[in-house]
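Quantities reported herein were computed from a predicted structural model and do not represent experimental measurements.
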Amino acid sequence: MDDLFKSSALPTDYAARIRIVSKRKGGLQAAPDEAIIDVDRSNPVLGNPHILRDHRDMQERLRVIAAYERDLDRDLAERGPKTREIEKIADRLRRGEKIALRCWCAEPPTRPQRPCHGDRIRLEVLRLCADPSTPTG
């Protein structure tokens, strides 16, 4: 994952313009100039349907993220609804928008961030932006 951010094919400004923010009061919040896209279960396409029962259990968190990633990999292979939504986000990023992917996982800025399925969504958006052969909408 870190190699993607070091790639010369990826303008650093893409990575700086998309991030994960929190839906929690006191969590990492979106800036006024960021477009908010909810990626929690309120989003029927990008939300993680695999339920995290104990947010303090890191192993359980990693299991539900891995389950989401398997779903996303299948969707990417079939160019399904998740893929099409991710392509729309990539188009917005290419057009210069700043994007805040909002979930319940992001911690306050003073605490270490926890893994979130939104990290994988962000990664796929950045991969699309880094690929010059990917058409823009």
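Across all their heavy atoms, A100 and A30 have their closest contact at CB-CB, 3.8 Å. In plain terms, the two heavy atoms of L101 and G118 that are nearest each other are CD1-O, 3.9 Å. Closest approach of G47 to Y68, counting heavy atoms only: O-CE1, 3.7 Å. Between P112 and E107, the closest heavy-atom pair is O-CG, 3.4 Å. In this structure, A106 and I20 approach most closely via the heavy-atom pair CB-O, 4.2 Å.
Cluster partners of I36, using a side-chain heavy-atom cutoff of under 4.5 Å among ILVMFWY residues and allowing indirect links: none. In this structure, V64 belongs to a hydrophobic cluster whose other members, linked by side-chain heavy atoms under 4.5 Å apart, are L52. The hydrophobic cluster containing L62 also includes M58, under a criterion of side-chain heavy atoms closer than 4.5 Å among ILVMFWY residues, counted directly or through chains of members.
In this structure, R122 contributes its side chain and I18 its backbone to a donor-acceptor pair below 3.5 Å. At least one donor-acceptor pair closer than 3.5 Å links the side chain of R84 to the backbone N or O of R79. R17 contributes a side-chain N or O that, together with a main-chain N or O of E97, makes up a donor-acceptor pair within less than 3.5 Å.
Listed by chain and residue number, nothing satisfies the side-chain hydrogen bond (donor to acceptor under 3.5 Å, both in side chains) test with Q29 (two or more places apart in sequence, or in another chain).
Between L76 and L72, the closest side-chain pair of non-hydrogen atoms falls below 4.5 Å. Between D91 and L128 there is no side-chain heavy-atom pair separated by less than 4.5 Å. I37 is not listed as a side-chain neighbour of I121, based on a closest heavy-atom distance of 4.5 Å or more. Residues E85 and N43 fail the side-chain proximity criterion, which asks for heavy atoms closer than 4.5 Å.
The same ILVMFWY cluster, assembled from side-chain heavy atoms under 4.5 Å apart, contains both I99 and L46. Both Y14 and I89 are members of a single hydrophobic cluster when ILVMFWY side chains are connected at heavy-atom separations under 4.5 Å. Tracing side-chain contacts under 4.5 Å through hydrophobic residues (I, L, V, M, F, W, Y), one never reaches I65 starting from L126; they form parts of separate clusters.
Note: R114 CZ to C103 SG = 9.5 Å, rounded to the nearest 0.5 Å. Atoms SG and NE2, from C105 and H117 in turn, are 7.5 Å apart once rounded to the nearest 0.5 Å.
A salt bridge links D73 and R120; the closest N-O separation between the charged side-chain nitrogens and carboxylate oxygens is under 4.0 Å.
Pairs of residues two or more places apart, or lying in two chains, that qualify as side-chain hydrogen bond (donor to acceptor under 3.5 Å, both in side chains) and include a residue from residues 56-65 are D54-R56. For residues 28-42, every residue pair satisfying the salt bridge (charged side-chain N to carboxylate O under 4.0 Å, His left out) rule, not counting sequence neighbours, is listed here: R19-E34, K23-D38, K23-D40, D33-K98, D38-R102.
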Apply side chain to side chain contact (heavy atoms under 4.5 Å, CB included) to residues I86 and D75 and explain how you reach the verdict. CA-CA 11 Å; I86 289 169; D75 189 272; over 6 Å; no
